[in-house]
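Remarks on the structure that follows.
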Number of protein chains: 4
Amino acid sequence: MKNTFGNSIAVTVFGESHGDCIGAVIDGLPAGIAVDNGFIASRLSLRRPAGSISTSRAEKDEFKLVSGVVNGVTCGTPVTVIIPNENVRSGDYDYGRARPGHADYTAYLRYAGHEDYRGGGHFSGRVTAALVAAGAIATAALEKKGVHIATHIARCAGVADRGFEDFEKDRQKLENEYFAVLDDSAGALMKEKIEQARAAGDSVGGVLETVVCGMPAGVGEPWFDSVEGMLSHAMFSIPAVKGIEFGDGFKLADMRGSEANDPLRVKDGAVYTEKNSNGGINGGITNGMPIVMKIAVKPTPTIFTPQRTVDFIKNENAEISAKGRHDPCIVHRARVVADSVCALTLCDILATRFGADFLR
Amino acid sequence: MKNTFGNSIAVTVFGESHGDCIGAVIDGLPAGIAVDNGFIASRLSLRRPAGSISTSRAEKDEFKLVSGVVNGVTCGTPVTVIIPNENVRSGDYDYGRARPGHADYTAYLRYAGHEDYRGGGHFSGRVTAALVAAGAIATAALEKKGVHIATHIARCAGVADRGFEDFEKDRQKLENEYFAVLDDSAGALMKEKIEQARAAGDSVGGVLETVVCGMPAGVGEPWFDSVEGMLSHAMFSIPAVKGIEFGDGFKLADMRGSEANDPLRVKDGAVYTEKNSNGGINGGITNGMPIVMKIAVKPTPTIFTPQRTVDFIKNENAEISAKGRHDPCIVHRARVVADSVCALTLCDILATRFGADFLR
Amino acid sequence: MKNTFGNSIAVTVFGESHGDCIGAVIDGLPAGIAVDNGFIASRLSLRRPAGSISTSRAEKDEFKLVSGVVNGVTCGTPVTVIIPNENVRSGDYDYGRARPGHADYTAYLRYAGHEDYRGGGHFSGRVTAALVAAGAIATAALEKKGVHIATHIARCAGVADRGFEDFEKDRQKLENEYFAVLDDSAGALMKEKIEQARAAGDSVGGVLETVVCGMPAGVGEPWFDSVEGMLSHAMFSIPAVKGIEFGDGFKLADMRGSEANDPLRVKDGAVYTEKNSNGGINGGITNGMPIVMKIAVKPTPTIFTPQRTVDFIKNENAEISAKGRHDPCIVHRARVVADSVCALTLCDILATRFGADFLR
Amino acid sequence: MKNTFGNSIAVTVFGESHGDCIGAVIDGLPAGIAVDNGFIASRLSLRRPAGSISTSRAEKDEFKLVSGVVNGVTCGTPVTVIIPNENVRSGDYDYGRARPGHADYTAYLRYAGHEDYRGGGHFSGRVTAALVAAGAIATAALEKKGVHIATHIARCAGVADRGFEDFEKDRQKLENEYFAVLDDSAGALMKEKIEQARAAGDSVGGVLETVVCGMPAGVGEPWFDSVEGMLSHAMFSIPAVKGIEFGDGFKLADMRGSEANDPLRVKDGAVYTEKNSNGGINGGITNGMPIVMKIAVKPTPTIFTPQRTVDFIKNENAEISAKGRHDPCIVHRARVVADSVCALTLCDILATRFGADFLR
């Protein structure tokens, strides 16, 4: 349903970049989940622009939980988080001249000229702040059940990070890292490349890899509400995501079955697979191994370099160069959004399987 | 909802590989859509195993439309298609010994030992025949509205097909092709590789590319029900799909914005983009350019080569070699399934936007 | 969604009165529920026309469970029941001449003349046979969890039955009764009145009262998915139902709060209410007392008496007298449909609250 | 989904009586609908307590549209309305002592003691203010399409109002009436009875009748998403509603078919029915006649008279007398809530049928 996602635990997002506020409603969370405002704030800080590799729009993200939480604990009724917009400079936007790669033109078509175009309106990455706040509650609930999520910048501006080795150690390294890489020298090189793109009035993209450990086996559904189906549906809501793959993903296409299949073994009574090319999911259902997925994040479409475009009001060719404040890269900021969207979806999948109280 | 997908036009699948029948219910189709049994049959024939590159299980796919259609026209009420199962040899399956890469073990966990394991049960690719029959009705409705879908085997067993050049011509070439490639010599090489894998008791995978022309611009939703979100959700229901990308997909991750953005132009009053790296979708909404997506299909997990596995009933290590009849490759058979799932999803998206009668 | 209802356990109905078959898909039932074909058959027999107070259309209701059940136990995947139509005499229907009180004219408007009008098509009470078969599985699952449902004809043709006194005893009396009254002399009088209406070429209506004992307390949702909201939504799908009330229902409107409120008491550590004017539901959530509801069933619209109507094809005034075989009363046959729809809805509510495995 | 309702246009409510604010998100409204803050304010004033027949809790209802509306016009993205809570006196509530007839005890069971019990929390009628604000936007959109809704107090404290005679004239009389009756002398008597109840520390209930003129014929769905099913589902979300009937409702149960059926006629090419016992709906689909429904509103459960209850924390018998500020009657205030819920549901039904842009 448009701006709502989830069967048992559903999140609804609302708000425009330059409107009053953005926010989210999470419905279906059980009563009794601890909500730590400090943790939400720290998650929001990972998404917030910072330094020269981000936009200079300063957002304090002074979120407010306006319903569903009393004394730091969920009541069981809808949890609503609201984040006021501040530091808005709508003058930087020039209606009619579509930014290539952005939703300006499609929003105009979809909403017949009534869309709030200021700062990308409802299509702005700004709205993901609400997903991060909502996701922080989901993340904390999952962690109490032993389900841990970690996302790193697997690739940025053409530079690759190393993969996960020791999940628990790597996860802790990533946790409060603003630029979440496992190999700091790769991270330094990525930032260098981002700076170069920024200097050139251009932008870069990347790949985020998310790994989930501790999900119970036997969770998910066949056919449409497979774990892959649900996660991909949710992940594509993150602006700029253009691809997703699970386990070895597109590499599996070139393998033979004998190579792609993950041999099963029993050890101390527990079943595991010797490797994890299937990313922890078979037939849409978790098998107890880590869930592994990668998402492709395209380069930020708003760039300072002049581009050919149209003025869709005048219906004529035009040129555009971004004014104002824009990110030369959003991959690092999207990291915590991926974590959050993943957490919300997994909470929903678990609640569908075991009832929402499972998460308490 | 598990085995149902779609907001305005929803499809529900049911059935097990070795049960009485498999089938689908499509709810929400408008009254007055022509239903051509010959077309449904021809679409089913593209999915049916044939020749040495497929399983030798012979299915006649004698489908029956048991509700919602009178005199070759939809009534507006749920359309139900039923396809009886025949030629079933359940003895070939050995309960407890999980096929690596398949859903045997996860189904056991999910359904606590009550799953119908014969032939993969509800997880069998057999169920996709129902999606193809349902999809044929959706495909025909879309074609009458000028929306055309074509899928080719972009890659199989490591061999690449050429890309689309002249969509309309290429689409016609693919239409009734059992092994749907644009470059026949690439196709011949793919089949050779499939034969080699079969001879080795092994299997291969591939990549399917789907292109949609004629979709109205301005269709889709922001955030969760984006065109990408909906299509990916549906596509991951096809067994063996482990990745999806739109437009240039994962390649976008390594581009700069100036390269990834599609410049807009006006010609004869119509807006188009000079290239289509974004696959016809911006901000989750169609921009009028072709929708382009690729899905990764892993190699068939059931192979004749001995594999390490577990017997999950005895909870001990075991070995497994497939008995019976299995596909060394399902990529070519999955082609029409991808077309069908895409058609059903686009019908739903159009009905959500314009009302279902738009499709009449 | 049109022909689908339920959040966690959803039922989809399909089929037309004079088509191939009617049927239902139930998705979300847990694996491991015993399915007794004899019980389904006995439930269907309570809905089947019998004697002079029903239509003479003879239906054998030879249902078939074509998916989701193996060896009498659910697999966890969609359960599909199909009931072939037989004994069809489509010639009795005269297209264009709308039966007053029936859906002939609205179906024509809704489906633009493509509706299957034979025997009422998809709007026929015939489709409720599928709900009864599906409901029988739900009913059996609930009974194993101590949840018992009983419906009696509280009123028919102006004659009132007595109310429930000893629920367990009364329920057993009703269980296999074709004409389900608690007071047999009232029942005899009702039948007499039905015969009189039939003789006059007319029909009668009535009220069904459904009581549910054993539902866990604390189940349901605030606001939209209240127990009342869900049950009423489902109950209005039964053709001819035009009203529903819970507890003392419309009588509450004339009471004072001191009279309408149900005083709470504790006995042996258990909370109960001294009376049950609220029908076991407060704030949309069960309180542990019996759920009590009444539905109003209007008289069968198809009657032999001549009526003023229109021919909507010719767009002119016309007269109509039913030909063929019709029920002078459907209240007694609707009884088991009410039981069934109630059972399906309560299974859904319980699965939403506790996870579907609760029902195993 | 719990606190969300609607297929194409969905409303989500959130908030607690004594929390920060209450509010609603409406998703799916087309772009381009005029939003008049003055009209929203006037609708809210009809729900606000006033005079001696209401609670003395003073709420200013200073609503704010924080998303989805720019310059008084919808953008097409989610519209969020927020209404701050003020004048909160939480000390009046005594946790553990359940008010009979209220949700105190069931909320405790449902949310395991984590519910926000202050002022009834999420179960408070206070939340209906958000439905009224959201409903005002829906109402205005419908009026522009010629669909008019009017609700009057058909019955209160045992006193009956007259029925609708001239709909348009009656509707205008009711429109801005705080105590919406058609017969002022009946209204005066009702208020007298309310005062008497208040003086006795007691409360009264009533019946609201809602009539909708101008709905297009041929709208709605068969089976589950019938107009009756959708409206009843939504209407039962209004606290204190315990019954609903369409057309002649429960009275139909005692009629014969010849009396209950509405004869159809053609006049000037237009089809109508000579009377409207079916309330404008046949087979779940509108027939073009006015939609007529009645809802039973039980007396306010919170009364000053001492009542037997339990302390569910101590698990022992107790006595309770309301402290603080409470309504001796909410029927008149529920009127605009009924209008609003009806308007939201009809917008959803129309958008499902014709696409949301129909409402523009």
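Atoms considered below: every heavy atom in the structure, side chains included; atoms not considered: hydrogens, waters and symmetry mates. This is a predicted model, so every value here is computed, not measured. In what follows, every chain begins at residue 1, and chains take the letters A, B, ... in the order their sequences are listed.
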Smallest separation among heavy atoms of A/R110 and B/G218, with atom names: CD-O, 3.2 Å

Between A/P222, A/G247, A/P239, who has the most heavy-atom pairs with chain B when the cutoff is under 4.5 Å? A/P222

Check A/T106 against B/N282 and note the closest heavy-atom contact, atom names and distance. OG1-O, 2.9 Å

Below 4.5 Å, heavy-atom pairs only: which of B/T300, B/V13, B/L231, B/I238 has the largest tally toward chain A? B/V13

Shortest non-hydrogen contact between B/R353 and A/L109, atoms and distance: NH2-O, 4.0 Å

Specify which of A/G220, A/G284, A/A234 makes the most heavy-atom pairs with chain B at under 4.5 Å. A/G220

Residues B/L264 and A/Y105: closest non-hydrogen pair is CD2-CD2, 4.0 Å

Under 3.5 Å, is there a donor-acceptor pair between the side chain of B/K242 and the main chain of A/N278? yes

Under a 4.5 Å cutoff for heavy-atom pairs, which residue among A/P301, A/G243, A/G288, A/G229 has the most contacts with chain B? A/G229

Under 3.5 Å: donor-acceptor pair, side chain of B/H233, backbone of A/S232: no

Among the listed options A/G283, A/A260, A/G201, A/P100, the residue most often paired with chain B at heavy-atom distances under 4.5 Å: A/P100

A/T128 versus chain B, heavy atoms under 4.5 Å apart: side chain, backbone, both or neither? both

Which one, B/L252, B/D254, B/I244, B/D262, leads in non-hydrogen pairs under 4.5 Å with chain A? B/I244

Are the side chain of A/R256 and the backbone of B/G205 linked by a donor-acceptor contact shorter than 3.5 Å? no

Has the side chain of B/R265 got a donor or acceptor atom that lies under 3.5 Å from a matching backbone atom of A/A318? yes

Non-hydrogen atoms of chain B under 4.5 Å away: do they reach the side chain of A/S8, the backbone, both or neither? neither

Which class fits the ring pair B/F236 and A/F246: parallel under 30°, tilted 30 to 60°, perpendicular over 60°? perpendicular

With only heavy atoms counted, which part of A/V11 is less than 4.5 Å from chain B, the side chain, the backbone, both or neither? both

With a 4.5 Å cut-off on side-chain heavy atoms, are B/K2 and A/T352 touching? yes

Ranking B/E316, B/Q307, B/K294, B/E274 by heavy-atom pairs under 4.5 Å to chain A gives rank one to B/E274

If you count heavy-atom pairs within less than 4.5 Å of chain B, which of A/V127, A/T286, A/N7, A/T305 leads? A/V127

The interface call for B/Y108 against chain A, heavy-atom contacts under 4.5 Å, is neither

Heavy-atom pairs under 4.5 Å with chain A are the metric here; pick the option from B/A240, B/S237, B/A217, B/A103 that has the most. B/S237

Closest approach of B/F250 to A/I295 (non-hydrogen atoms, all atoms of both residues): CE2-C, 4.1 Å

Measure across A/V241 and B/E228 and return the closest heavy-atom pair with its distance rounded to 0.1 Å. O-OE2, 4.5 Å

Parallel, tilted or perpendicular: which describes the rings of A/H122 and B/W223, with under 30° parallel and over 60° perpendicular? perpendicular

